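Quantities reported herein were computed from a predicted structural model and do not represent experimental measurements. In what follows, chains are A, B, ... by sequence order, proteins preceding strands, each numbered from 1. No hydrogens, no waters, no symmetry mates; every other heavy atom, side chains included, goes into these values.
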2 protein chains.
Amino acid sequence: MLPRGRPRALGAAALLLLLLLVGFFRLGGDPESRGAAGGGGAGGLDPALTPHVPPDGRPRGTAGLDGDPPGDHNRSGCHPPRPRPPKCELLHVAIVCAGHNSSRDVITLVKSLLFYRRNPLHLHLVTDSVARNILETLFQTWMVPAVHISFYDAEELKPQVSWIPNKHYSGLYGLMKLALPGVLPPHLARVIVLDTDVTFASDIAELWALFAHFSGVILLQLDRLRQAGWEKTWRQIATRELRTLLATSLADQDVFNAVIKEHPGLVWPLPCVWNVQLSDHSQAEHCYLEASDLKVIHWNSPKKLRVKNKHVAFFRSLHLTFLEYDGNLLRRELFGCSSPLPPRAEQLQLALAQLDEEDACFQFRQQQLTVHRVHLTFLPHELPAPQPHDVTLVAQLSMDRLQMLEALCRHWPGPMSLALYLTDAEAQQFLRFVAASAVLSARRDVAYHVVYRDGPLYPVNQLRNVALAQALTPYVFLSDIDFLPAYSLYDYLRTSIEQLELGSRRKAALVVPAFETLHYRFGFPSSKAELLALLDSGSLHTFRYHEWPRGHAPTDYARWREARAPYLVQWAADYEPYVVVPRDCPHYDPRFMGFGWNKVAHIVELDAQQYELLVLPEAFIVHLPHTPSLDISRFRSSPAYRDCLQALKDEFHQDLSRRYGAAALKYLTALQQPRGLA
Amino acid sequence: MLPRGRPRALGAAALLLLLLLVGFFRLGGDPESRGAAGGGGAGGLDPALTPHVPPDGRPRGTAGLDGDPPGDHNRSGCHPPRPRPPKCELLHVAIVCAGHNSSRDVITLVKSLLFYRRNPLHLHLVTDSVARNILETLFQTWMVPAVHISFYDAEELKPQVSWIPNKHYSGLYGLMKLALPGVLPPHLARVIVLDTDVTFASDIAELWALFAHFSGVILLQLDRLRQAGWEKTWRQIATRELRTLLATSLADQDVFNAVIKEHPGLVWPLPCVWNVQLSDHSQAEHCYLEASDLKVIHWNSPKKLRVKNKHVAFFRSLHLTFLEYDGNLLRRELFGCSSPLPPRAEQLQLALAQLDEEDACFQFRQQQLTVHRVHLTFLPHELPAPQPHDVTLVAQLSMDRLQMLEALCRHWPGPMSLALYLTDAEAQQFLRFVAASAVLSARRDVAYHVVYRDGPLYPVNQLRNVALAQALTPYVFLSDIDFLPAYSLYDYLRTSIEQLELGSRRKAALVVPAFETLHYRFGFPSSKAELLALLDSGSLHTFRYHEWPRGHAPTDYARWREARAPYLVQWAADYEPYVVVPRDCPHYDPRFMGFGWNKVAHIVELDAQQYELLVLPEAFIVHLPHTPSLDISRFRSSPAYRDCLQALKDEFHQDLSRRYGAAALKYLTALQQPRGLA
């Protein structure tokens, strides 16, 4: 009898089930390992089968501790202790994942899986819409060779389990594991089911190889399970549990336990090294002290990472290893397995191979072809309520501008879509930074999209495009992270958009005039009048007044001083104002990297598409001083960088002529007058 | 015949030797695997032994590809394919390492070794004085459980190999492998010898286990090798090679090859997976395409990481994995092996266990007990020529201040000792940053000491102490990274020290007055007159004039304006000037973390030890504005942080009274007047 009401004590036994259930249901075959009871047709679950899992969930004998399952002595005594599946065999893994936080957790699991694996993998992901949006983009941009991904809609599975009351932290999504055999493809014979809070410390192929202990029959298990009426069986047992035991809730493990109780022969115990749990159980400790080898660490709940345990350092280090592991390093191909490359990867490799290393722009072109791994909505994010004139602030940053976020949140109370260019380790620092900030933790309307670092140049326009694509309001304010908006800007922009009837009447870009302070300490102006006073006193300047006035000259600051209504301005060469545009505006040109011409090209594109440029009389942003970023100082002084930028500009203008014909002539003409670096 | 003159083609065979030589010399035993020739007493090297290594260096048959050595069929056919040594058996590894760059490379090897190992290790390191200084500090501060370190002086080995002309990049130090059997302890029976440019992809215990294929005899191999006159044999053969073949140089591999040529039975080939080389050889590729498992990657030369190879991504990712791996995560204990803890580790664990988590200073005390891994002289560094009045600039920084380094180098042409607080990944970024900077690359008198990040607080005084301890001139200028010195300061300080007869006559701290600019763009004053003009125009201020004038008030800026000669000033509460002192000055108090009172306490200590405070009339430094660091913004606003700082100050004053008695009363009195946070 498996006692109820001790779900934690049953943890070890229950996770064995999570790992093995779908694949290891024994509906026939291998009489030796099933003991003397024998029999058991393929047509039904046989309650008479001898149990192979003792009530404490531990395998019998220490032989099982190191990968050698007990009871499997039907072959010659000479099989290798660590069998491996054939080289290049495709292994199937199923995971249920929902929400922003689980989508982060599952990445750590996947990294540990990929680090040790040497086989092609097929991941079957049962997700809600949030996790699907995140994981689909992630895997598309991760481009790991020999990894196939299939998604299954958790919404469709919900009705199958939502009738079961439960209060486990993973809720309904945990219960969905019960329904997996029904949702996975009919041709799929074997699958390993994993929780998201599991970290691998070894090659999953060793786990997969345990299937072999069941001889050929196992190859049809999923099929037989379906035919055998698994769907009906677990429902019947769960229903009875709820009724007869007056249970107020059931987690998936409770249901699994109840099924085992009635059909103990269904389960085959995994050696404990495949489910080492972080706890004070002497049972778990017994396992890892005797084993020379831990294969899977199971965290069981989000809080366990802080558990006090003699050996917590080992568990913690394994977890942190993969938490902070550079996922780009997992893009390696498998040796000797001819797996097809991920979509796009082949073209990209071809394009990369064709680049000329002597080209001054080699680094630019190489990085333009780099697909950056993207983790959308890295933190919980709520969709903004649809409002016809709402504006999302769009910007991008790296670690050295994190300090701007709090001030930005105070100045802009509306939605934001921010692309962060980080390493995997920095992404964890970012999480801690947000957790430590009351201001940032309180916001659910700021979407943080992590773009993982790769390559020497700062891909500014690729980052802007990620943030822009994820803005969910009809309008976007295309800003930069070093600017603080006027406190009133968010409200003022929405009012202006409405009054100017931007959506229906005109195709316009609203210009937000930009200023700068060279002072480290600075009292932010609370009105246009205050701003003008600071300008007159020399505490503020128009943006880049000293080094590059052309960038904002067309805004006509003199006119702006007096303006009471929006006014039209004309495009001129090198103009790069900060603008508010509809979300469906042109994207930024990704060929411009680092720090030159990245905004200029975008404004040219707007002008070429006949956006009016309308300056708003009460709008302003102020640029704060900062130490120059490493990226700037590294490249700005390089002559090769300037040469390349010129080449890229030329190519950009050629593309413009191709797309806009004679209308683009003015941009070329403007370019004929030689000028310095933007 | 092994052809000479093709050392690259012989690479695979030769590294097998590097890995196996010392342990695997077969001076008897196991007649089965030695073939029909048999015999071969323990008293000498037997040239008649049948070779087990074919001329191409590859093992016979593909069975050897995956860990199963060929020729070892003397047991039952039933041994496991991957034998493991007994749990907790101590494994011995020997490495020759010299100079700054090899000392960095070897860390990557050691990290990969530690990541996969499950046995206690004893590392036998043959080092020059540079590598010893670096590695001794590193391992002492790394405190990895179950790792023993022994050092052997390469200087003593030099005469044994320096007579051999050679031009291999690793030079003399490579040849030292020939002399290893003589230098390792007599009781040591088996050892695995590794090059520094090797990365493990598996547990070294699997390699160690291959010793078992030689049955009991192998346990005495090193002893027998010594008795057998190995020292004489290799010298004779090398001498003859040089004479008869008119060779102009020999690398260690050439000598090994020549020895094998005469005594082919001496070597037992490792399966190729234990020496996978990055090259375009079809031979190497053949190995990794057929094997399911690569165990050791061998880079062979510092340049190979950039080699073009179909599978370069795999090799690169394994290397980068450990290059950037957080070494702190390797401090984990082994399960079930009762290895003694590293020195200090036990006390520290006890002290940590006794901390009160409810204490407001818990984080401070915890971090004070943290031993940070330290990598001294991370980049090549030349000792300054001894000069009696020379001054080293001492400072500390983290990643977000890297931009200061170039300007600092321009302003301070003398020696510097800088502590950098970095993650392992950031240390690699730092290397790239220096490599990209002509200014930084040109300097050999700047010592960079990497202190690896660990814990939430910035250990400012621990960092200062590392940098201070490594300053090698008689005097130090204790500065901060955000300050730029007057261009003349280095010369002026040396002249002042000489004129003031600081060494012999007086115990003094020379005060360098500090100023600041709040402007982002700033023309640095080239003289005191220019500085005063900027001060008068409001472009410059005395340091922290607006927020904390007490910190520098005793410097008496009004007097400084007019001063033509050094003048004495008196200590006052909260005084924290930047000073020049003898190198043997008191250390900084490591209890002060983050951003409060860290310098103040040091000046108190100087005053308590009766250092005179002498202000220099022509010396000045200027603080540049910067975005506040994450560390400041995270903690400065926290009330708990302020409470803790007060508690730490109290404890500091209690310690002062204990050490200086009544003389310390004035510091306590000064503290009675409540003031804000320093």
Side-chain angles (χ1 to χ4, degrees), chain A residues 76-78 80-82 84 87-88 115 118 205 288-294 310-311 313-314 316-318 320-321 324-326 328-336 399-404 406 423 425 429 432-433 436-437 456 517-521 546 624-630 633-634, chain B residues 76-78 80-82 84 87 115 118-119 205 288-294 310-311 313-314 316-318 320-321 324-326 328-336 399-404 406 423 425 429 432-433 436-437 456 517-521 546 624-630 633-634:
Chain A
S76 94
C78 201
R82 292 187 199 171
R84 287 187 49 80
K87 187 168 161 79
C88 304
F115 182 81
R118 280 162 296 180
Y288 54 71
L289 284 182
E290 298 213 357
S292 59
D293 212 4
L294 301 185
K310 275 186 272 186
H311 298 284
F314 178 88
R316 200 179 145 268
S317 87
L318 188 76
L320 291 178
T321 292
E324 307 200 336
Y325 190 77
D326 178 356
N328 298 338
L329 297 179
L330 296 165
R331 283 171 167 169
R332 59 199 184 193
E333 281 174 54
L334 298 181
F335 291 116
M399 211 58 195
D400 55 349
R401 296 290 185 271
L402 233 47
Q403 303 94 326
M404 288 299 297
E406 281 203 4
T423 64
Q429 265 183 273
R432 290 192 290 272
F433 182 79
S437 160
T517 168
L518 303 181
H519 280 68
Y520 176 42
R521 295 183 195 94
H546 296 92
L624 299 192
H626 53 75
T627 15
S629 82
L630 287 183
S633 49
R634 205 187 304 165
Chain B
S76 92
C78 202
R82 292 187 199 172
R84 288 187 48 82
K87 186 168 160 81
F115 182 81
R118 280 161 296 180
N119 285 70
Y288 54 71
L289 284 182
E290 296 212 359
S292 60
D293 212 4
L294 300 186
K310 275 184 273 185
H311 299 285
F314 178 88
R316 198 178 147 269
S317 86
L318 187 76
L320 292 178
T321 291
E324 308 201 334
Y325 190 76
D326 178 357
N328 299 338
L329 297 179
L330 296 165
R331 285 172 166 168
R332 57 200 184 194
E333 282 175 53
L334 297 182
F335 291 116
M399 211 57 194
D400 55 348
R401 296 290 185 272
L402 233 46
Q403 303 94 326
M404 289 298 298
E406 281 204 4
T423 65
Q429 264 184 275
R432 291 191 290 273
F433 181 79
S437 160
T517 168
L518 302 182
H519 279 67
Y520 176 43
R521 294 182 196 94
H546 295 94
L624 299 193
H626 53 75
T627 17
S629 80
L630 286 183
S633 50
R634 205 187 304 164

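Here the CG-OH distance, from Leu320(B) to Tyr325(A), works out to 8.5 Å after rounding to the nearest 0.5 Å. One distance of note links CD of Glu324(A) with CG of Leu329(B); it measures 7.0 Å at 0.5 Å rounding. With rounding to the nearest 0.5 angstrom, the CE atom of Met399(B) is 10.0 Å from the CG atom of Asp400(A). The CG atom of Leu518(A) lies 10.0 Å from the OG1 atom of Thr517(B); values are rounded to the nearest 0.5 Å.
Put simply, of Thr321(B), Asn119(B), Asp326(B), the one with the most heavy-atom pairs under 4.5 Å next to chain A is Thr321(B).
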